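Here's the structure, in structure tokens; my notes come after.
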There are 2 protein chains.
Amino acid sequence: MILNEIPLMFSKACEYGIRATVYIALQSLEGRRVIVNEIAKEIDSPIAFTAKILQQLSKSKVIHSVKGPTGGFEIERNNMNTVKLSMIVHAIDGDDIYVGCGLGLKECNASRPCPLHDKFIDIRNDLRSMLENTSLYELATGLEVGLTYLKR
Amino acid sequence: MILNEIPLMFSKACEYGIRATVYIALQSLEGRRVIVNEIAKEIDSPIAFTAKILQQLSKSKVIHSVKGPTGGFEIERNNMNTVKLSMIVHAIDGDDIYVGCGLGLKECNASRPCPLHDKFIDIRNDLRSMLENTSLYELATGLEVGLTYLKR
DNA sequence: ATTTATTAGGATAAAGTTGTCCTTTATTTT
DNA sequence: AAAATAAAGGACAACTTTATCCTAATAAAT
């Protein structure tokens, strides 16, 4: 019997958030504004939960929301370059990824490192630099096959 | 408002498990068998929850338990070399760390990778190799200051 | 043999994450 | 102006993880 199902790297909320943002970006590149129902259907995520996440991303200016008929979500072409994966993750999961010892040791720091300290730091820095260096545009256009990839 | 508090790398259960195992190893090197209450106190973890985790580690043969008075937990000196960090993690968190796309994309694989596929693979492989190459002995004796480090 | 100390294990509670539903607010269309 | 459409947001339900408590099983000490 195993106690846990730990997330591989991100929470579900964050996964949905990234997938949704990429979908919105792809559609915005086609000049289409998209509504939650469509997004959730296309990325295969729970609608209402996705709506919550989109609210957060909207507040964080990662995406832009428009109310009313013909409304929905969109992302300006310019923002696709400035928005990095790290901003999406931060808006949803916070910046926990960056802090603390992997073993939860409070005394562990650079001057008195635990045996795994440097390894943890390296791995986390790799993750961090990937998140900070990957733009939304790069991520969206890198999905050659496009939409099909967003379904899980 | 942020939805989540995602674990940095391991679950709480796994963190406690690693810290507890290291503590047991350190005490075993001194010839001392230790009881749950002491372990939990020294690694600053909840007693009953720690007991559950120790049960799992005991079943998985990572640690050895002895019932009754003078009983407690211990680890044979020989086992400290064969027990790797990966075994502790596996016993508690399972091997989720190793599977699936970081974005939760089901179509993502080596032949049709998502834009982050290789980066995810690299990071995860680094983590995996760290876990598989770090022995309990190395981990325990690497903690020069010993016990103080295990408190959080 | 009885008592005592300790792990094993079941039941359950608390907290956190994920997911749903319904009402309110904003905006467009008619 | 009224109706319709969509996001915003509050309340809450389900599930998972974390945590506690109590009893049973085991084994040493008396």
Side-chain angles (χ1 to χ4, degrees), chain A residues 1-8 10-17 19-20 24 27 32-41 43-75 91-94 96 104 152, chain B residues 1-8 10-17 19-20 24 27 32-41 43-75 91-94 96 104 152:
Chain A
M1 185 267 301
I2 282 162
L3 283 176
N4 280 325
E5 284 293 320
I6 64 163
L8 336 170
F10 306 119
S11 64
K12 279 282 172 205
C14 201
E15 277 185 25
Y16 297 151
R19 300 218 301 267
I24 296 166
Q27 295 306 310
R32 297 187 61 232
R33 190 181 282 167
V34 284
I35 66 175
V36 183
N37 290 270
E38 177 185 334
I39 297 169
K41 192 180 173 192
I43 70 172
D44 190 25
S45 66
I47 299 178
F49 190 48
T50 304
K52 297 284 185 210
I53 296 162
L54 293 176
Q55 273 179 43
Q56 285 187 268
L57 292 172
S58 182
K59 275 193 208 152
S60 307
K61 312 283 185 191
V62 169
I63 62 182
H64 181 236
S65 75
V66 179
K67 280 185 175 180
T70 77
F73 296 92
E74 64 194 1
I75 301 168
I92 300 167
D93 278 350
D96 302 322
R152 10 172 284 115
Chain B
M1 185 264 301
I2 281 161
L3 282 175
N4 279 325
E5 285 293 319
I6 64 162
L8 336 172
F10 306 118
S11 64
K12 281 281 174 206
C14 202
E15 277 185 25
Y16 297 152
R19 300 219 300 268
I24 297 166
Q27 295 306 310
R32 298 186 62 231
R33 189 182 282 165
V34 285
I35 67 175
V36 183
N37 290 272
E38 178 185 333
I39 296 169
K41 193 181 174 192
I43 70 170
D44 190 25
S45 67
I47 300 178
F49 189 49
T50 304
K52 295 284 187 213
I53 296 163
L54 293 175
Q55 274 179 42
Q56 286 186 267
L57 291 171
S58 181
K59 274 193 207 152
S60 306
K61 310 285 185 192
V62 169
I63 62 182
H64 180 236
S65 74
V66 179
K67 280 184 175 181
T70 76
F73 295 92
E74 65 193 2
I75 301 168
I92 299 167
D93 278 350
D96 302 322
R152 10 173 283 118

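If you're wondering where the values come from, they're calculated on a predicted model, not measured in any experiment. Residue numbering restarts at 1 for every chain, and letters A, B, ... go by the order of the sequence lines. Reckoned from all heavy atoms, side chains included, excluding hydrogens, waters and symmetry mates.
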Considering just the side-chain nitrogens and oxygens of [X], establish if one lies under 4.0 Å of OP1 or OP2 belonging to [N].
| X | N | result |
| --- | --- | --- |
| A:Tyr16 | C:dG19 | yes |
| A:Thr70 | D:dT5 | no |
| A:Gln55 | D:dA7 | no |

With no angle test and no hydrogens, is the base of D:dG9 tied to the side chain of A:Lys59 by a donor-acceptor pair under 3.5 Å?
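Side chain to base: no pair below 3.5 Å.
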Tell me which one of B:Leu57, B:Val36, B:Ile35 satisfies side-chain contact (heavy atoms from CB on, under 4.5 Å) with B:Phe73.
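Filter result, single survivor: B:Val36.
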Measure from [atom1] on [X] to [atom2] on [N] and round the result to the nearest Å.
| X | N | atom1 | atom2 | result |
| --- | --- | --- | --- | --- |
| B:Lys61 | C:dT7 | NZ | C1' | 14 Å |
| B:Asp93 | D:dT17 | CG | P | 9 Å |
| B:Lys52 | C:dT6 | NZ | P | 19 Å |
| B:Lys12 | D:dA19 | NZ | P | 7 Å |
| B:Ile39 | C:dT6 | CD1 | P | 12 Å |
| A:Ile35 | C:dA26 | CD1 | C1' | 16 Å |

Measure from the side-chain heavy atoms of B:Ala48 and tell me the nearest of D:dT20, C:dT20, D:dA7.
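When the side chain of B:Ala48 is considered, D:dT20 is the closest of D:dT20, C:dT20, D:dA7.
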If you only use heavy atoms from C-beta on, which nucleotide in D:dA11, C:dG9, D:dA4 is closest to the side chain of A:Pro69?
D:dA4
Take A:Ile24 and A:Leu54 through the test side chain to side chain contact (heavy atoms under 4.5 Å, CB included) and record every step on the way to the result.
CA-CA 10 Å; A:Ile24 296 166; A:Leu54 293 176; 3.9 Å; yes
Under 3.5 Å, sequence neighbours excluded: what are the donor-acceptor pairs made by side chains of residues 61-71 of chain A?
from: A:His64; atom 1: ND1; to: A:Glu74; atom 2: OE2; distance (Å): 3.1
from: A:Ser65; atom 1: OG; to: A:Ser58; atom 2: OG; distance (Å): 3.3

Short side-chain to backbone donor-acceptor contact, A:Arg32 and A:Gln27, under 3.5 Å
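Absent.
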